[in-house]
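Below is one structure, written out as structure tokens, with a few remarks after it.
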Amino acid sequence: MVSENLTSALNKQIEMEGYASFLYLSMSCWCEHKGLKGCAAFLRRQSEEENMHMLKIIDYMLDVDAIPVIPQVNQPPVRFDSIVSLMHSVYEHEKKVTRSIHQLVDLCTKEDNSDTFNFLQWYVIEQREEEALMRSILDKIKLIGDGPQSLYYIDKEVETINAQQVAKATTN
Ligand code: FEO
């Protein structure tokens, strides 16, 4: 059982995860168009993960007899200034999602809803890992440098990181 307040907050989170999925898919398309295949694969996988995050909340809401609202998804940007600013935007977006998850957790505490609180702990860990992942990519970009000659190496690094993430997901 979840309150009206919490139902509305969970629906907002569905919208946020859905938007993240579309945003990363759009970013993936831009990378593919620019020949950055490693970055494109990484962002396509991130997009699929966000979709899974959205579905997980929908399933939870159905389990507790709440009605999930499937949102209208705002169109994400189509063009990006550079791969460096794009990766910075992903990091900023993840920080925004983390803040939203923590607000949801706070609401559960206020409403004494331990079931939803426990459900959200998976997202708390996931957000910590996603922020750390994006920081590691930005650190690599800093080491490589962001001049035009660096694009090939940035793409290769992101491809390697993506392969590590895929391997991690299959062992879990
Ligand atoms: Fe599901 Fe990366 O926020």
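As the structure lists them, so they are numbered: ligands from 1, and atoms in each ligand from 1. Side-chain atoms are counted along with the backbone in the values below, which use heavy atoms only and exclude waters and symmetry mates.
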For this session: Compute the angle centred on atom 2 (Fe) of ligand 1 spanning OE1 of Glu130 and OE2 of Glu94, and express it rounded to 10 degrees.
Result: 90°

Exercise. Below 4.5 Å, heavy atoms only, C-beta onward: do Glu126 and Gln121 meet side chain to side chain?
Worked result: no

Seminar exercise, completed: Looking at His53, the N, O or S atom sitting nearest atom 1 (Fe) of ligand 1 is ND1

Exercise. Where does the angle between the aromatic ring planes of Tyr123 and His53 fall among parallel (under 30°), tilted (30 to 60°) and perpendicular (over 60°)?
Worked result: perpendicular

Problem set entry | OE1 (Glu50) to atom 1 (Fe) of ligand 1 to OE1 (Glu17) angle, given to the nearest 10 degrees | 80°

Problem set entry | Side chain proximity check, Met27 to Ser47, heavy atoms < 4.5 angstrom | no

Exercise. If we ignore angles and hydrogens, is there a donor and acceptor under 3.5 Å between the side chains of Asn113 and Thr116?
Worked result: yes

